[in-house]
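Below is one structure, written out as structure tokens; comments come after it.
All residue numbers refer to positions in the sequence shown, counting from 1.
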Amino acid sequence: TESGFIKSRHLDDKASAGVLLALAIEVRDGSLKLARKTSILFTTYEEVGHGAASGFPTDTAEMISVDMGAVGDDLETNEYTVSICAKDSGGPYDWDVTDTLVKLAQKLNLQYAVDIYPYYGSDVEGALRAGHDIRHGLIGPGVFASHGYERTHTQAIDNTLKLLEAYLQQA
């Protein structure tokens with residue numbers, strides 16, 4: 001919209017895929033130099049627990065799921081922020097990964113929120129349940145009315161992309 005809101009069905013997938021595609025374009029064009037080997041994985045079935053159970057390089061040591069931050073009355077995330085998930089239904093996310101994400105968001109002056117989603121799971125959860133021993137995190141733009149006619153703001157998309165860029169530039 002003219003005010004910067006993006007409204008659509010399935011924004012949790014579309015917004016996240018857009019962030020990852022923008023990241024890939026920046027790497028391809030040379031405007032973003034990564035400090036580590038990075039693979040981008042588009043998965044299906046995260047809602048039923050399969051997520052990233054397989055299909056990624058065997059030397060993967062760390063995974064950040066880019067999904068969405070649910071917006072709700074008892075949550076800090078809103079449609080302008082990047083959500084950093086500290087814990088979901090599968091348990092806590094890696095402390096070092098989460099702490100680094102928070103510190104980077106602060107350093108970059110990003111609009112961010114840290115939340116706990118007790119009824120929500122991510123692709124990372126599928127990888128952990130499959131037995132992969134990886135450090136893990138979860139971020140995403142704040143999305144209102146998940147799995148309905150959803151809404152986010154371009155600022156949330158920008159904040160998410162900037163956080164992911166900064167994280168991947170850390171050695």
Side-chain angles (χ1 to χ4, degrees), residues 6 8-28 32 34-47 49-57 60-71 75-90 92-94 96-105 108 110-117 120-128 132 134-144 146-147 150-170:
I6 302 166
S8 176
R9 294 286 317 257
H10 312 294
L11 272 178
D12 64 328
D13 297 324
K14 292 175 185 175
S16 303
V19 166
L20 294 175
L21 290 170
L23 182 79
I25 290 168
E26 290 175 340
V27 171
R28 180 200 67 197
L32 178 65
L34 303 177
R36 58 179 83 201
K37 178 183 173 186
T38 302
S39 302
I40 297 177
L41 177 67
F42 292 91
T43 66
T44 56
Y45 299 117
E46 123 243 357
E47 276 84 0
H50 299 189
S54 64
F56 55 89
T60 300
E62 188 172 282
M63 181 180 288
I64 295 184
S65 185
V66 182
D67 198 337
M68 61 161 273
V71 174
L75 300 168
E76 298 299 316
T77 300
N78 62 46
E79 295 104 318
Y80 301 95
T81 63
V82 54
S83 172
I84 302 170
C85 181
K87 180 180 182 224
D88 68 13
S89 63
Y93 281 83
D94 184 89
D96 291 326
V97 172
T98 303
D99 188 53
T100 300
L101 289 165
V102 169
K103 287 178 179 171
L104 284 170
L108 296 169
L110 299 177
Q111 293 173 281
Y112 78 97
V114 179
D115 268 313
I116 294 172
Y117 300 109
Y120 176 71
S122 74
D123 287 316
V124 170
E125 189 178 339
L128 295 173
H132 298 284
I134 54 174
R135 293 171 11 121
H136 54 293
L138 169 61
I139 66 172
V143 174
F144 179 76
S146 175
H147 297 85
E150 301 167 344
R151 178 178 84 176
T152 191
H153 196 276
T154 55
Q155 289 178 15
I157 304 291
D158 290 341
N159 285 310
T160 303
L161 179 59
K162 287 176 183 173
L163 182 57
L164 189 58
E165 291 166 345
Y167 191 86
L168 294 174
Q169 289 177 321
Q170 301 287 308

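- One distance of note links CG of Leu101 with CG of Asp96; it measures 11.0 Å at 0.5 Å rounding.
- A pairwise comparison of heavy atoms in Met68 and Tyr120 identifies O-OH, 3.5 Å as the closest pair.
- Of the inter-residue distances, the one linking Thr81 atom OG1 with Ile139 atom CD1 reads 11.5 Å to the nearest 0.5 angstrom.
- Lys103 places none of its side-chain heavy atoms less than 4.5 Å from the side chain of Thr100.
- In this structure, OG1 on Thr160 lies 12.0 Å from CG on Leu23, to the nearest 0.5 angstrom.
- Minimum interatomic distance between Gly142 and Thr152 (heavy atoms only, all atoms of both residues): O-OG1, 2.6 Å.
- With contacts defined as side-chain heavy-atom distances shorter than 4.5 Å, the pair Pro57/Lys37 qualifies.
- Between Asp123 and Phe56 there is no side-chain heavy-atom pair separated by less than 4.5 Å.
- With respect to the salt-bridge test (charged N to carboxylate O, under 4.0 angstrom), the residues Glu62 and Arg36 qualify.
- Sparse packing is recorded around CZ of Phe144, with 12 or fewer heavy atoms of other residues, nucleotides or ligands lying under 6.0 Å away.
- Counting only heavy atoms from C-beta outward, the side chains of Asp12 and Glu150 approach each other to under 4.5 Å.
- Side-chain contact between Tyr117 and Asp67: absent, with no pair of heavy atoms (C-beta onward) separated by less than 4.5 Å.
- When every heavy atom of Pro141 is checked against every heavy atom of Ala15, the shortest pair comes out as CG-CB, 3.9 Å.
- Considering only heavy atoms from C-beta on, Tyr112 stays 4.5 Å or farther from Asn159 through its side chain.
- Closest approach of Thr98 and Cys85 over heavy atoms only: OG1-O, 4.0 Å.
- Between Gln155 atom CD and Ile157 atom CD1 the span is 11.0 Å, to the nearest 0.5 Å.
- The two residues Gly69 and Ser83 come nearest to each other via the heavy atoms CA-CB, 3.5 Å.
- Between Lys162 and Leu104 the shortest side-chain heavy-atom distance does not fall below 4.5 Å.
- Around the NZ atom of Lys14, the shell of radius 6.0 Å holds more than 12 heavy atoms that belong to other residues, nucleotides or ligands.
- Separation of atoms CG (Leu21) and OG (Ser16) is listed at 10.5 Å; rounding is to 0.5 Å.
- Across every non-hydrogen atom of Ala35 and Gln169, the tightest pair is CB-O, 3.2 Å.
- The distance from atom CG of Leu138 to atom CG of Asp88, rounded to the nearest 0.5 Å, is 6.5 Å.
- For the pair Ile84 and Tyr93, the minimum side-chain heavy-atom distance is 4.5 Å or more.
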